[in-house]
Structure formats: C-alpha cells, structure tokens
Amino acid sequence: MEAIRLFDTHAHLLDGRFDEDREALISGLPARGVACVLEAACEAADIPRVIALCERHPGLVYGAAGIHPHSASEFTGETLAQIESALAHPAIRAVGEIGLDYHYDFSPREAQKACFDAQLALAGRRGRPVVIHDREAHGDCLDLLRAHRDGLQGVMHCFSGSYEMARACLDLGLYLGIGGSLTFKNAKKLLETVQKAPRDRLLLETDCPYMTPEPFRGRRNDPSLARLTLARLAALRGEDEAALAAALYENGLRLFGIAAG
Ligand code: NI
C-alpha cells in the first residue's frame with residue numbers, strides 16, 4: 001500500500017461508542033494512514049475532554065471548541081468565555097461545531113440563531129475558523145454567515161447539498177467537508193457538487209462514529225474509514241487517489257493553521 005496520509009477534519013472520538021477501545025484506536029491511526037484528526041466538541045462539558053484528548057495524542061489529535069445547535073438552549077455568556085479560553089490552548093484550532101439544525105429542533109430556533117451568531121462573532125474576533133453544522137437550515141445559515149463574512153474562515157461540515165448551495169458557501173470563502181454520505185446511493189446532488197468544486201476547497205472528514213461509508217454503513221465509523229470516501233471522491237473527480245489525499249491533507253493544515261509534521 002502506498003503511503004497515504006489522511007486528515008480526518010471532523011471526528012467525535014469522545015463518543016461513548018469508543019469507550020472500549022478509544023486510546024488504542026487513536027494510537028493505531030498513523031499506521032492506518034491517518035496522520036491528523038480534528039475532534040469537534042458539541043457541548044460545554046466536552047471542551048475540557050477535547051483538550052485532554054489532544055494532550056494525550058499531541059500532533060495527531062487537534063480540537064474544535066463550541067456549542068452544537070442541539071445544545072443551544074444551554075448556551076450562556078459563561079459558555080462563550082469558556083470557548084474563548086479554550087482557544088488559548090495550542091491544540092484547539094477552531095470554533096465548532098456550531099450552526100443550525102432545523103431537522104431535529106432540539107433547541108428553539110431563536111436560541112440556535114443567537115448561539116451561532118455569538119460563536120461566529122467570537123471566531124471572527126479571534127481570527128479562527130469555524131466548523132459549521134447546517135441541517136435543513138440553509139437560508140438562515142447563509143444569512144448569519146453573510147452577516148459575519150468579514151474574515152470568515154471555516155468548513156461546511158458534512159456537506160451534502162447542491163452545487164448552488166456549495167457555490168454560495170465557496171463564495172463566502174468556506175471549505176466543503178466531504179464525508180461518508182458521498183458513498184451513499186442517494187447522494188445524487190452531492191456527486192455533481194464534488195465534481196465541480198475546486199480541489200483546494202475540499203476537506204475529508206468522517207463525523208465518526210456516525211456517517212459510516214459504504215460498504216460498512218450501519219457499523220461504527222472511525223477515522224481510518226475516511227479512506228473509502230477518498231476513493232469515491234478520487235473516482236468521481238477522475239483524480240489520482242494519492243495526489244488527491246495529499247491535496248486534501250494540505251487543505252486541512254491550511255484551514256486549521258497546523259504546521260506540517
Ligand atoms: Ni459532528
């Protein structure tokens with residue numbers, strides 16, 4: 001096997017589904033081609049755990065600190081201060097994951113918007129990228145992103161939309177995070193998107209333990225399975241897998257401000 005280095009730019013390795021084998025799995029990732037992982041926080045209680053995970057795996061695991069829209073109703077000024085102080089840690093590279101989720105609506109929409117808005121403002125103030133979750137909320141999501149477009153940097157995590165939506169995000173300077181859904185049979189719109197999108201704006205991700213690529217859909221996902229998404233992406237774009245992997249790896253380092261290891 002040729003030496004391929006992947007950067008999984010969106011993982012949830014702190015999920016309970018990794019409790020039995022988390023440390024061994026992460027330590028084994030470099031041997032399975034994964035050289036870098038960005039762990040995304042979802043709620044305030046995750047933030048110290050993300051920092052501790054990064055400290056246990058220096059140079060391999062980096063983190064994002066933020067409040068997911070599902071937890072927006074617990075967001076306070078104190079939470080914002082906690083995220084800001086987490087950004088002082090050298091391994092915490094981004095604000096995330098943040099955004100809007102109108103599919104589940106676990107928090108009221110007004111609370112989701114206020115939480116997203118405050119975190120976008122923080123990221124802008126601190127010059128940090130954001131990791132964005134947008135589920136069935138494109139209109140409001142774009143409105144808020146446009147309101148913060150000055151200095152905006154970030155990734156539309158688990159992007160699965162049309163090229164029109166992709167174009168709006170690319171025009172804001174954002175990257176598109178491509179995960180296991182690319183391998184699903186119903187990914188028609190996304191196929192066109194990934195064929196047209198510029199290579200220097202694509203990122204590879206897993207969203208593990210969720211979004212497991214085919215043919216393992218339904219099982220637990222982990223960063224090493226990003227290889228399956230990479231293979232599909234390379235085939236769709238008619239590109240060499242190793243060259244594409246190298247480009248996506250560089251994209252991740254660039255966006256998250258990580259020095260090449
Ligand atoms: Ni996620």
Side-chain angles (χ1 to χ4, degrees), residues 6-19 22 25-26 29 34 36-47 49-51 53-54 61-72 74-75 79 83 86 91-107 112 115-116 119-120 123 128-138 141 145 154-161 169 174-184 187 190 202-213 216-226 228-229 248 252 255-256:
L6 304 181
F7 185 168
D8 177 1
T9 60
H10 194 108
H12 297 286
L13 293 165
L14 290 170
D15 187 276
R17 292 173 72 183
F18 294 107
D19 283 352
R22 178 177 300 109
L25 180 126
I26 297 172
L29 287 175
V34 180
C36 208
V37 177
L38 188 91
E39 173 78 7
C42 291
E43 47 187 282
D46 291 343
I47 296 172
R49 298 178 69 217
V50 171
I51 291 174
L53 187 76
C54 295
V61 179
Y62 293 86
I67 307 299
H68 192 284
H70 288 346
S71 302
E74 67 165 47
F75 182 79
T79 325
I83 297 165
I92 301 299
R93 307 307 313 165
V95 177
E97 66 180 277
I98 64 175
L100 301 173
D101 193 313
Y102 293 175
H103 177 77
Y104 288 110
D105 277 323
F106 285 158
S107 287
Q112 293 189 40
C115 175
F116 188 28
Q119 294 180 96
L120 284 169
R128 293 304 186 96
V130 286
V131 176
I132 302 154
H133 173 108
D134 164 23
R135 188 148 183 209
E136 296 173 21
H138 298 344
C141 192
L145 291 169
V155 55
M156 296 300 289
H157 142 62
C158 196
F159 189 84
S160 55
C169 298
L174 298 170
Y175 289 67
L176 308 176
I178 307 299
S181 63
L182 184 64
T183 68
F184 300 168
L190 182 56
L202 295 174
L203 294 178
L204 194 62
E205 65 165 64
T206 59
D207 202 21
C208 65
Y210 313 105
M211 303 298 285
T212 312
F216 301 123
R217 195 174 179 183
R219 290 200 225 164
R220 184 184 77 175
N221 198 2
D222 77 67
S224 70
L225 298 181
L228 297 167
T229 302
L248 299 183
L255 177 63
F256 295 111

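FYI, the numbering just counts along the sequence from 1. Every number for a ligand or one of its atoms is a count from 1 in the order of the listing.
- Contact annotation: the side chain of Leu145 approaches that of Met156 to within less than 4.5 Å [non-hydrogen atoms, C-beta and beyond].
- Between Ile67 and Gln119, the shortest heavy-atom distance links the atoms N-OE1, 2.8 Å.
- The aromatic rings of His70 and His68 sit tilted relative to each other, their planes meeting at an angle between 30° and 60°.
- Within Glu97, the N, O or S atom lying nearest to the Ni ion (ligand 1) carries the name OE2.
- The OD1 atom of Asp207 and the NE2 atom of His10 subtend an angle of 90° at the Ni ion (ligand 1), given to the nearest 10 degrees.
- In summary, no N, O or S atom of Cys42 is located under 2.8 Å from the Ni ion (ligand 1).
- Within a 6.0 Å radius of OH in Tyr102, other residues, nucleotides and ligands contribute more than 12 heavy atoms.
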